[in-house]
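Lettering follows sequence order; numbering is per chain, from 1. Since this is a predicted model, take the numbers as computed values, not measurements.
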Amino acid sequence: MNQLNILPPEPFNEETFDQIQQELVQRINLQNSFNKEDIRLVAGVDLAYWEEEGRTRAVCCICVVDYTTHEIVETKSLQDEIKVPYIAGYLSFRELPLILDTFNQLENDPDLVMFDGNGYLHPRHMGIATHASFYLNKPTIGIAKSYLRIQDTDYEMPASESGAFTDIVIDGEIYGRALRTQQQVKPIFVSCGNGIDIDTSTEVTLALINKESRLPIPVRQADLETKKHRAARR
DNA sequence: GCGACAG
DNA sequence: ATCTTGTCGC
């Protein structure tokens, strides 16, 4: 039902996708729409896929974590068939319908949402974290495990200590950061989703890191949950 | 034809 | 994202 609001009429192609995003990109807010002291619950979102009877299915898991104690407050999962193909640069159209339906199942109201993928660090500043924010009406952060090269711009490797980062600057603008969350472990790519600035995005991400992973706890937890559900699917 | 390509 | 063997490390 949410898909009717997020997806353009078929057939799906880059032109119709672009038309929707060009409207939203003008509304991006790269400043905090909240007070840092008020952050209590942070949600992490991830999906896992598989093939079933020639169809692509996926499960979306959202984990809500207490920002200060890191306790897992809630986990919700929902699965469905995925009909939108993956097109690099248009990930949000493929994953948002299921994400929005899953989000509506939450009993808690997170203050912030973290995504597995980019936000502002995107050729059109419309990575999934940014795009999703307009439907969730929540500040969002993009967390990508690999680098999406934009305009032939490579990133500078940050120093090997945890907390070290390098800005990814294109045309004098900070698109995102390569952030080292664990010493001697490859960096992750953090960017603003919407309603948050890059320094706060970095700060929140680092505050949710533990020894178990280079990914912040909400996203890591959602990733684990998603694979658990796929293994037990049916 | 070849390389790129978040998830 | 998923597939997939071995291998190194706690």
Salt bridge present between [X] and [Y] (N-O < 4.0 angstrom):
| X | Y | value |
| --- | --- | --- |
| A:Arg40 | A:Asp66 | no |
| A:Glu52 | A:Arg55 | no |
| A:Lys138 | A:Asp109 | yes |
| A:Lys36 | A:Glu203 | yes |

Could you tell me how far apart [X] ([atom1]) and [N] ([atom2]) are, to the nearest whole angstrom?
| X | N | atom1 | atom2 | answer |
| --- | --- | --- | --- | --- |
| A:Ile87 | C:dA1 | CD1 | P | 18 Å |
| A:Arg149 | B:dA4 | CZ | C1' | 9 Å |
| A:Phe115 | B:dG7 | CZ | C1' | 13 Å |
| A:Glu95 | C:dA1 | CD | P | 9 Å |
| A:Tyr175 | B:dA6 | OH | C1' | 15 Å |
| A:His131 | B:dA6 | NE2 | P | 18 Å |
| A:Asp154 | B:dG3 | CG | C1' | 14 Å |
| A:Arg57 | C:dA1 | CZ | P | 19 Å |

| query | Side-chain donor-acceptor pair under 3.5 Å between A:Asp199 and A:Thr202, yes or no? | reply |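 A:Asp199 vs A:Thr202: no donor-acceptor pair found between side chains.
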| said: Checking A:Asp111 against A:Tyr67: is there a side-chain donor and acceptor pair closer than 3.5 Å? | reply: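 Per modelled atom types, A:Tyr67 and A:Asp111 side chains form no pair under 3.5 Å.
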Hey, does [X] reach any base, or is it just sugar-phosphate, or nothing, if we go heavy atoms under 4.0 Å?
| X | answer |
| --- | --- |
| A:Asn118 | base |
| A:Phe93 | nothing |
| A:Ala58 | nothing |
| A:Gly142 | nothing |
| A:Ile128 | base |

| query | When the ring planes of A:Tyr175 and A:His125 are compared, do they come out parallel, tilted or perpendicular, using 30° and 60° as the limits? | reply |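 Answer is tilted, since the angle falls between 30° and 60°.
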| query | When you measure from every atom of DNA chain B, which of residues 210-217 of chain A have a heavy atom less than 4.0 Å away? | reply |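 Residues of residues 210-217 of chain A under 4.0 Å from DNA chain B: none.
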| query | Just to confirm, is there a sub-4.0 Å distance from OP1 or OP2 of B:dA6 to any side-chain nitrogen or oxygen of A:Tyr86? | reply |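 Yes.
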| Below 4.0 Å: OP1/OP2 of B:dC5 and any side-chain N or O of A:Ser146 |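 No.
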| task | Name all residues meeting the side chain to side chain donor-acceptor pair (under 3.5 Å) criterion together with A:Glu74; count only those two or more places apart in sequence or in a different chain, and write none if there are none. | result |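 Once residues adjacent in sequence are excluded, the partners of A:Glu74 under the side chain to side chain donor-acceptor pair (under 3.5 Å) criterion are A:Lys76, A:Asn108.
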| query | So, do A:Tyr155 and A:Phe189 have ring centers that fall under 6.0 Å from each other? | reply |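 They qualify: ring centres under 6.0 Å apart.
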| Selected nucleotide, minimal atom distance to A:Lys145 side chain, candidates B:dC5, C:dA1, B:dA6 |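 Selected nucleotide (nearest to the side chain): C:dA1.
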| query | Does the cation-pi check pass for A:Arg124 over A:Phe17, that is, NZ or CZ under 6.0 Å from the six-membered ring centre and within 45° of its axis? | reply |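 No, A:Arg124 does not lie over the aromatic ring of A:Phe17.
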| task | Would you sketch DNA chain B in dot-bracket for me? Only Watson-Crick or G-U wobble pairs with both distances under 3.5 Å count, crossing pairs as [ ], other-strand pairs as |, the rest as dots. | result | .......
